[in-house]
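One structure below.
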Amino acid sequence: MNYSVQFGSLWPSIRISLLSEQKYGALINNFSDADRVSRELELLNAVDFVYESQKATRHVQGDSPVERVRGEETAPQETHREQLSVEQTQTPSSLSASISPNIKCYTFCKGDVSRFPPARPDALGTLGYYLLDAASLLPVLALNVQPGDLVLDLCAAPGGKTLALLQTGCCRHLAANDISASRSNRLRRVLCSYVPKDISADVRITSWDGRKWGELEGDTYNRVLVDVPCTTDRHSVMEEDNNIFSRMRLKERQMLPMLQMQLLLAGLLAARPGGEVVYSTCSLSQLQNEYVVERAVEVAETEYNISVHVEDLSYFRRLFQDTFSFFADCRLGELVLPHLTANFGPMYFCRLRREQ
């Protein structure tokens, strides 16, 4: 009932996609024999969607600054973006330089529902790729990690995005936190299977309350990823076990936006001035997405005197429109919609820059 109002005529397609088999991507492990693994995946007719998008962008000639793709926003929405200091998009020549480097992820083309075989360990026991929803890499790409950055993954488990951050080779230090000790242990197991010990030893894994991170390590990090707990919509429509929409979890569900706002605010406080924060969920809900961003920006400014710019990520639509189906009407950030021909997501992500 809620999403039919929010998405209108798009909802039946989104709903049937959520109820259908999800597509996966294969994140290449750069700590394995990545060239060999890539060749094997290419024999399956899979393509590296990150490389292909950048290659296509380099072929664009004479474009003006990137326009909104799949429909322009209305004037009221543009006004709202301006009120939150949303920046203008980059020109095509700068697009490939505006995402985190060295991330390679293979997917099957739109309409191809082939599945990847399980990754095999090499002679050292290292797995060659990690299977995940390819849309979940977009927040990591949006974080635009640069060499020497201090990086915080505030809600890190089960570990796919943490692993992707390590693939960049840019993190001078990576702090990976999850309040659940059992989920943190799962993160450790993932790193053990994919990352050499000398690299994983440099990852600080903690199980602290992320809402207090601004008090623990304020003004510290160049990049912060805040991939918050949410209603996990795809899981919720498919699984009854521990479903967050059950009556027993009603109060927890009602409190989710407050928890999400507190985590995002903590991420902003943990970032140093000039640092960037990416907020993400795997929910379709505006209450958990745009509204959380708006509220966190407001609280940061009124209670902490911190100015925050919400950045325009619409160039992600141009870069990745051949792989994902994007929602055209997000007021802030970007949202990947599940679609039968590209059944990734949902995945919402928004990048914020702390000014002071």
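It should be emphasised that the depicted structure is a prediction, and the values quoted were computed from it without experimental measurement. Sequential numbering from 1 along the given sequence is applied to the chain's residues.
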Beyond-backbone contact of F108 with V113, side-chain heavy atoms, under 4.5 angstrom | no

State whether the number of non-hydrogen atoms from other residues, nucleotides or ligands found under 6.0 Å of R186 atom CZ is greater than 12.
-> no

Drop me the distance from S283's OG to R234's CZ, to the nearest 0.5 angstrom.
-> 12.5 Å

Taking NZ, NE, NH1 and NH2 as the nitrogens, is one of them in E52 or K55 under 4.0 Å from a carboxylate oxygen of the other?
-> yes

Are R272 and E217 ion-paired here, with the side-chain N under 4.0 Å from a carboxylate O?
-> no

Counting only heavy atoms not in R120, do more than 12 sit closer than 6.0 Å to its CZ atom?
-> no

Nearest-0.5 Å distance that lies between atom SG in C230 and atom NE2 in H235 | 11.0 Å

Measure the acute angle between the ring planes of F326 and F324, then classify it against the limits of 30° and 60° as parallel, tilted or perpendicular.
-> perpendicular

Of the non-hydrogen atoms in A157 and S184, which two are nearest, and what is the gap between them?
-> CB-N, 4.3 Å

Just by distance, do the side chain of Y3 and the backbone of S285 share a donor-acceptor pair under 3.5 Å?
-> yes

Indicate whether the side chain of S100 and that of N144 have a donor and an acceptor atom separated by less than 3.5 Å.
-> no

So, the side chain of R223 versus the backbone of L143: is there a donor-acceptor pair under 3.5 Å, distance only?
-> yes

For this output row, return yes or no: ring centroids of Y194 and Y130 closer than 6.0 angstrom.
-> yes

Any donor-acceptor N/O pair, E355 side chain to H309 backbone, under 3.5 Å = no

Between V293 and V310, the two heavy atoms sitting closest are CG1-CG2, 4.1 Å

Work out which heavy atom in R211 is nearest to a heavy atom in L259; give both atom names and the distance.
-> CD-CD1, 3.6 Å

Could you tell me whether the side chain of T168 and the main chain of N102 form a donor-acceptor pair under 3.5 Å?
-> no

Going by an N to O cut-off under 4.0 Å, is there a salt bridge joining K212 and E215?
-> no

L166 and L191, any side-chain heavy atoms less than 4.5 Å apart | yes

State whether D48 and K104 are salt-bridged, where the test is any N-O pair (Lys NZ or Arg NE/NH1/NH2 against Asp/Glu carboxylate O) under 4.0 Å.
-> no

is_close_aromatic(Y348, F327), centroid dist under 6.0 Å | no

Might you confirm whether atom CG of N305 has over 12 heavy atoms from other residues, nucleotides or ligands at distances under 6.0 Å?
-> no

Kindly indicate, with the supporting measurements, whether the criterion ring pair (Phe, Tyr, Trp, His ring centres under 6.0 Å) is fulfilled by F320 and F49.
-> CA-CA 8 Å; F320 302 118; F49 82 85; 5.6 Å; yes

Is there a donor-acceptor contact under 3.5 Å from the side chain of Q6 to the main chain of L284?
-> yes

Any side-chain donor-acceptor pair under 3.5 Å between E334 and S314?
-> no

Assert yes or no for the condition that the ring centre distance of F349 to F316 is strictly below 6.0 Å.
-> yes

Hey, is the main chain of S180 close enough, under 3.5 Å, to the side chain of S182 for a donor-acceptor pair?
-> no

Here the pair of heavy atoms bringing I99 nearest to Y315 is CG2-CE1, 4.5 Å

Report yes if the side chains of L132 and L137 come closer than 4.5 Å at any heavy-atom pair, otherwise no.
-> yes

R188 atom CZ: more than 12 heavy-atom contacts under 6.0 Å | yes

Are the side chain of N177 and the backbone N or O of W208 linked by a donor-acceptor pair below 3.5 Å?
-> yes

Side-chain contact test, heavy atoms from C-beta onward, threshold under 4.5 Å: evaluate it for D122 versus D33 and give yes or no.
-> no

May I ask you to say whether R354 pairs ionically with D219, meaning some side-chain N is under 4.0 Å from a carboxylate O?
-> yes

Can you check whether T341's main-chain N or O pairs, donor with acceptor, with H339's side chain at less than 3.5 Å?
-> yes

How close do M261 and A296 get, heavy atom to heavy atom, and via which atoms?
-> CG-N, 3.8 Å

Consider only side-chain heavy atoms of I, L, V, M, F, W and Y, link residues closer than 4.5 Å, and tell whether I179 and L263 are in one cluster.
-> no

Grab the two heavy atoms, one from F344 and one from G25, that are nearest each other, plus how far apart they are.
-> CE2-N, 4.4 Å

CG (L268) and CD (E276) are apart, to the nearest 0.5 Å, by 11.5 Å

Can you hop from L131 to V47 via hydrophobic side chains spaced under 4.5 Å?
-> no

So, the side chain of N30 versus the backbone of Q167: is there a donor-acceptor pair under 3.5 Å, distance only?
-> yes

Verify, without hydrogens or angle tests, whether D149 (side chain) and Q146 (backbone) share a donor-acceptor contact under 3.5 angstrom.
-> yes

Straight-line distance of S53 OG to Y51 OH, nearest 0.5 Å | 10.5 Å

Enter the distance from N343:CG to L337:CG here, rounded to the nearest 0.5 Å.
-> 11.0 Å

Rounded to the nearest 0.5 Å, what separation is found between the CZ atom of F31 and the OG atom of S193?
-> 13.5 Å

Could you state whether M258 and V226 fall into the same hydrophobic cluster, counting links through intermediate Ile, Leu, Val, Met, Phe, Trp or Tyr residues with side-chain heavy atoms under 4.5 angstrom apart?
-> yes

Could you check whether the rings of Y221 and H173 sit parallel, tilted or perpendicular, using 30° and 60° as the cut-offs?
-> parallel

